Number of protein chains: 2
Amino acid sequence: MADAFLDLLSASRDAAADLGSAPSELRKQGIRAIADAIESASDEIVAANADDVRRGRDSGMAAGLLDRLHLDAERVQALADAARALAELPDPVGEVLRERTLDNGLLLTQVRVPFGVIGAIYEARPNVTVDIACICIGTGNAIVTRGGSAAESTNRVLVRVMQSALVGVGLPEKSVQTIDEFGREGAGRLMTARGYVDLLVPRGSAALIERVVTESTVPVIETGAGIVHVYVDGSADLEMARDIVVNSKVHRPSVCNALETVLVDRAIADEAVPLLVQALRDASVTVHSEGGGIADTVELADTGWATEHLALDAAIRIVDGVDAAIEHVNAYGTHHTDSIVATDAAAVSRFLQRVDSAVVMHNASTRFTDGGEFGFGAEVGISTQKSHARGPMGLPELTSTKWIVRGEGQTRS
Amino acid sequence: MADAFLDLLSASRDAAADLGSAPSELRKQGIRAIADAIESASDEIVAANADDVRRGRDSGMAAGLLDRLHLDAERVQALADAARALAELPDPVGEVLRERTLDNGLLLTQVRVPFGVIGAIYEARPNVTVDIACICIGTGNAIVTRGGSAAESTNRVLVRVMQSALVGVGLPEKSVQTIDEFGREGAGRLMTARGYVDLLVPRGSAALIERVVTESTVPVIETGAGIVHVYVDGSADLEMARDIVVNSKVHRPSVCNALETVLVDRAIADEAVPLLVQALRDASVTVHSEGGGIADTVELADTGWATEHLALDAAIRIVDGVDAAIEHVNAYGTHHTDSIVATDAAAVSRFLQRVDSAVVMHNASTRFTDGGEFGFGAEVGISTQKSHARGPMGLPELTSTKWIVRGEGQTRS
């Protein structure tokens, strides 16, 4: 029986075989062609986007989401520029990770290879469509996107423009496809398309990521929620602590590496807590504490310590030293980024070792957890899982490996 | 409400925190203590195993399974010896993978860290209980085993003996636990214990692995089924092809890297097919072909080309050159191991690049896909998935990573 959905995924798989074998330079050429094509189609893209934004506004979409959905000429230009920068990054495909010759003469080589077909599920952010497509072409992977109904018109134009740019340089058209036409059901089918999809990368709300992780039977890279802590130890330089706490919270409150909870060692609480609360309030942050019991603070959110505010809100708690801080972080955090401010080497070492997070920091702002800041050149997301990739991901994290064994007729005795 | 199952997993998580911070030498001492304890308890282990084997025989368990279930003094000794060998392997925990100092002075270090709690689900193979426990202790991970009801008595004794050995050297008792007492329901709960279990490693039948992959919401390393091919190209040295085909099939037919299907280039089929069929028959192999149409062969199994015989059976098919071979392998294989026998460099390069398997070989027996043969020193299984680990796994594949950022008060501007 014909199944349009599986036919589409089969076409992605075929495209992946060719794309994955294409020379690095040709794939970079494909990315540059996409950048050019997006620039040329800017008016058409912006017009399609205006339709989506109008529909979103009519259906009562929140201002923050509308802003994420919105593309204007400037933002389209930024997408093209980012694509060109991506084409300059080193290609991970073919990189030799391990090589050895066995006693029997077999030559073993472990090389990086593309995954094959990557699925991306996200919400109303058309910039992700171009971003993830270029990242995938850069790593030899075909991409199937589910960009959500809110951005459907924009994504349709973007995918068509990218496909035609790829064909122009001789790469497979189906290297980039969308399943938006299959609606919500399509997302569900993508998550269980074992044998067709090699890796799923969800981007978006905690609820979306939770759904993908729970329903998927294909491997997922979980990115996402950041309940991020700064622990101010009794040994901390308080001025440094204040700067790090404020920077971690207010530099960009809406992102996953922004601070949510400050933990303060009871040993210095009398001095440190008023100072930190004041500094946060001076930076327009509403400070929460248990029962609002700390001066100049309000009650915790209903979700308690496990709250990702993504806004100018932060919680503060007094804890009995570094072990209590570690316990709090491991219990309520999301294993994303956590920082200790301290001068005591034993406390620092204990925190860095025992906090079970992708990134642990000493005397630094949590805002540094970022592919760009880490020098990866591209922002593929920040993995909060422990397998395959953990923390900020660069292009190599979107590759798999393969062992190549070269012999001269060896058999096992 | 009390929940004995979650209490058990919480205890594993607490144990993992201490075990993961324990010095390498102490963990090695733990493994050696387990080896000693198992030797000392050999009689008790063998007696408990005799109960399991009796129950298995009474319930009509197949001979092959009974053999896997069986432990005698010699096999117990082999388990102890393997544990001691494991303690000699390099410890991956703490290994620095990447390190760099950013322009702002931040020092970034990516180190290997334990996963935390690893769950192992397997069937009636009590040797796995000791094997996986020692591998986990060697990598700083706590282990929770579900060893199946058929081996319950043996596993209960093994876990108790290992726990007491660990306590003897000062490591947490709950580093090794079993959930066998929770029955089948326990396996299901383990698969969805997000936040308690960091990685699941199923070992056993294709059906078991399929269940784990499908039902799990915690990350899984899929090991397993091997529908393994040797393609004999028109350019092959036929004598070499014969030796590789026979060795790949008969050296140990019951394992995942054993050959299941021989593909023969039509260009040399008239000469090669009778020669290969004869060589396989001489080695007591029943050869299958489509409709039994090739002389001296019988019909394919009901599962067609997608059959893992795990026995002295192999299928043979004539294909139109290397591209048809690649298509067959990618369509019917399990992405485990596939080998080309050829002298033509273009055919070899195309096969090695386009066959989408964990291990691709040229002029070598597929039996070489093995952690021991690859020089890893330990057999943690062979991953057939593309994320995290692919192909034979050593100890490093049972670790995650963590970024440590060391600063002096840096904030983002």
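All figures in this text were calculated on a predicted structure; none of them were measured in a lab. In what follows, chains carry the letters A, B, and so on, assigned in the order in which the sequence lines appear, proteins first and then strands, with residues in each chain numbered from 1.
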Counting heavy-atom pairs closer than 4.5 Å to chain B, which one of [options] comes out on top?
options: A:T192, A:I340, A:D18; result: A:D18
options: A:M361, A:R354, A:R406, A:E397; result: A:R354
options: A:K386, A:H335, A:Q385; result: A:K386
options: A:E373, A:E215, A:M240, A:R252; result: A:E373

Checking [X] against chain B: side chain, backbone, both or neither under 4.5 Å from a heavy atom?
X: A:V355; value: backbone
X: A:E222; value: side chain
X: A:S357; value: backbone
X: A:V113; value: side chain
X: A:E327; value: neither

Where along residues 100-107 of chain A does a heavy atom come under 4.5 Å of chain B, listed by residue number?
-> A:R100, A:L102, A:N104, A:L106
N/O donor-acceptor pair under 3.5 Å between A:R390 side chain and B:K402 backbone |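 No.
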Under 4.5 Å heavy-atom distance to chain A, tell me which part of B:R98 shows up: side chain, backbone, both or neither.
-> side chain
Looking only at heavy atoms, which two atoms of B:G409 and A:I244 are closest? And how far apart?
-> CA-CD1, 3.9 Å
For B:R412 against A:R367, the heavy-atom pair lying closest together | NH1-O, 2.9 Å
Aromatic plane relationship, A:F374 with B:W403 - under 30° parallel, 30 to 60° tilted, over 60° perpendicular |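 The arrangement is perpendicular - the two ring planes meet at more than 60°.
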Approximate separation, where rounding is to 0.5 Å, of A:D243 CG and B:Q410 CD =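 Taking CG in A:D243 and CD in B:Q410, the distance rounds to 11.5 Å.
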Take B:R13 and A:D356, measure what salt bridge (charged side-chain N to carboxylate O under 4.0 Å, His left out) needs, and give me the verdict at the end.
-> CA-CA 11 Å; B:R13 206 171 49 180; A:D356 187 21; over 6 Å; no
